[in-house]
J.: 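Got a structure for you, questions after.
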Amino acid sequence: MSALNSAPDPWADSLRAPVAADALAMHQLVAATGVLDLNSSYAYLLMATDFADTSIVADRDGELCGLITGYHPPARPDVLFVWQVAVSDSARGQGLASAMLDALVYRVRRDRFGHPVTVETTVAPSNTASRAFFGAFARRHGVPLAESPHFSSALLSAAGEHEDEPLLRIGPITAALTA
Ligand SMILES: CC(C)(COP(=O)(O)OP(=O)(O)OC[C@H]1O[C@@H](n2cnc3c(N)ncnc32)[C@H](O)[C@@H]1OP(=O)(O)O)[C@@H](O)C(=O)NCCC(=O)NCCS
């Protein structure tokens with residue numbers, strides 16, 4: 001069942017928290033997008049271990065086809081900061097990114113005894129897919145999406161090669177959790 005309602009979720013059986021052995025495949029999946037900043041394999045190993053409770057992967061017959069990495073900012077445990085979202089080419093357009101984020105938010109809230117969670121992320125102005133994805137998430141959950149300036153391009157690249165990364169705040173998500 002979907003984490004959001006009673007509709008069957010075709011991805012439900014493929015979604016799980018990452019483990020250490022996923023780190024190299026996570027690194028490859030992000031590299032293959034060609035648009036996300038690629039971090040070291042060590043960084044993905046940290047996400048798959050220390051931050052596994054706030055991250056999720058889609059594992060289809062042993063092949064990693066989606067991931068979301070995230071964490072709770074230490075001073076704001078009611079926030080789930082979504083760092084990277086990636087879906088393999090062959091799995092796109094089938095609702096996988098949405099299923100992963102719904103399942104991750106559900107898991108995080110369940111682990112926090114149903115307390116509200118606000119999703120935060122930064123999205124470059126030109127990333128229309130990402131904006132559509134987070135906009136759809138806000139609409140599905142019936143919560144506001146607010147945008148504000150956050151990381152400027154100058155903080156990300158001395159040569160001005162990186163766009164600004166404004167902050168999106170989505171929530172708080174307060175609906176009672178269903179079983
Ligand atoms: C963005 C990405 C994660 C979407 O994955 P996906 O599994 O295909 O997304 P979904 O099928 O769950 O679609 C979620 C919503 O985003 C929209 N969307 C997805 N890709 C889109 C695109 N390229 N352009 C416009 N809208 C798009 C969908 O229409 C859907 O909205 P809806 O529910 O209103 O119809 C995937 O294309 C990807 O990995 N891109 C490269 C990495 C990237 O840009 N990551 C940042 C994303 S936050």
Side-chain angles (χ1 to χ4, degrees), residues 1-16 18 22-41 43-44 47-48 51 54-61 63-71 73 79-108 117-148 150-151 153 156-157 161-171 173 175:
M1 293 294 172
S2 155
L4 187 60
N5 55 41
S6 58
D9 176 358
W11 291 106
D13 291 341
S14 306
L15 305 183
R16 59 172 173 78
D22 293 320
L24 289 178
M26 293 167 73
H27 183 259
Q28 284 163 9
L29 184 57
V30 170
T33 68
V35 296
L36 294 177
D37 288 344
L38 182 62
N39 300 289
S40 66
S41 52
Y44 293 101
M47 298 314 293
F51 297 94
T54 47
S55 300
I56 191 165
V57 293
D59 176 345
R60 195 170 51 181
D61 302 326
E63 185 193 336
L64 216 70
C65 55
L67 66 79
I68 297 178
T69 55
Y71 63 89
V79 167
L80 171 66
F81 186 87
V82 171
W83 185 21
Q84 290 193 308
V85 183
V87 168
S88 65
D89 270 352
S90 64
R92 287 187 193 169
Q94 302 168 46
L96 175 53
S98 299
M100 288 193 295
L101 188 53
D102 286 348
L104 179 59
V105 167
Y106 181 89
R107 166 151 58 84
V108 164
V117 161
T118 296
V119 172
E120 289 187 358
T121 193
T122 68
V123 178
S126 69
N127 195 336
T128 50
S130 183
R131 285 171 176 274
F133 165 63
F134 285 108
F137 174 78
R139 284 195 301 281
R140 231 171 24 255
H141 289 265
V143 295
L145 182 159
E147 179 165 350
S148 56
H150 195 51
F151 295 140
S153 125
L156 292 157
S157 161
E161 287 160 353
H162 204 299
E163 286 184 83
D164 288 344
E165 288 275 345
L167 182 73
L168 303 187
R169 262 181 77 80
I170 307 162
I173 297 159

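Just follow the structure's listing: the first ligand is 1, and inside any ligand the first atom is 1.
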J.: Under 3.5 Å, is there a donor-acceptor pair linking the side chains of H141 and D102?
T.: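 Checked: H141/D102 side chains pair up, N/O donor to acceptor below 3.5 Å.
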J.: Heavy atom of F137 under 4.0 Å from ligand 1?
T.: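 It does not; every heavy atom stays at 4.0 Å or beyond.
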J.: Where's the contact between V35 and ligand 1, heavy-atom distance under 4.0 Å: side chain, backbone, both or neither?
T.: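 The answer is the side chain of V35.
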J.: Walk me through whether D37 and H162 qualify under side-chain hydrogen bond (donor to acceptor under 3.5 Å, both in side chains).
T.: CA-CA 10 Å; D37 288 344; H162 204 299; 3.1 Å; yes
J.: Do any N/O atoms on T33 end up under 3.5 angstrom from N/O atoms on ligand 1?
T.: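 There is no such contact.
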J.: Ignoring hydrogens and angles, tell me if any N or O in the side chain of T69 forms a donor-acceptor pair with the backbone of W83 under 3.5 Å.
T.: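 It does not hold such a pair.
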J.: Counting only heavy atoms, which portion of T121 has something under 4.0 Å from ligand 1: side chain, backbone, both, or neither?
T.: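 It is neither part, as no heavy atom is under 4.0 Å.
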J.: Which atoms of ligand 1 sit under 4.0 Å from any heavy atom of F133?
T.: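 With F133 as reference, the close atoms of ligand 1 come out as 14 (C), 15 (C), 16 (O), 48 (S).
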J.: Quick one: which ligand 1 atoms are inside 4.0 Å of a heavy atom on R139?
T.: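 Reading through ligand 1 atom by atom, the close ones are 34 (O).
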J.: Counting each atom of ligand 1 from 1 as listed, which ones have a heavy atom of L96 under 4.0 Å away?
T.: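 Close to L96: 7 (O), 12 (O).
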J.: Are any of the N or O atoms of A136 closer than 3.5 Å to those of ligand 1?
T.: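 The answer is no, given that A136 and ligand 1 share no N or O pair closer than 3.5 Å.
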J.: Any N or O on G95 sitting closer than 3.5 Å to an N or O of ligand 1?
T.: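 Right, the criterion is met.
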J.: Is ligand 1 under 4.0 Å from a heavy atom in the side chain of N127, in the backbone, in both, or in neither?
T.: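 Within the 4.0 Å criterion, N127 contacts ligand 1 through side-chain atoms alone.
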J.: Which of the numbered atoms in ligand 1 are below 4.0 angstrom from a heavy atom of F134?
T.: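 The list of qualifying atoms is 48 (S).
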J.: Counting only nitrogen or oxygen atoms and a 3.5 angstrom limit, does A86 reach ligand 1?
T.: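 N/O-N/O distance under 3.5 Å: no.
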J.: Report yes if A129 has an N/O atom closer than 3.5 Å to an N/O atom of ligand 1; otherwise report no.
T.: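 Min N/O separation from ligand 1 is not below 3.5 Å for A129.
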J.: If you define the side chain from C-beta out and look only at heavy atoms, does anything of L145 sit under 4.5 Å from L168?
T.: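 Heavy-atom side-chain distance check passes, below 4.5 Å.
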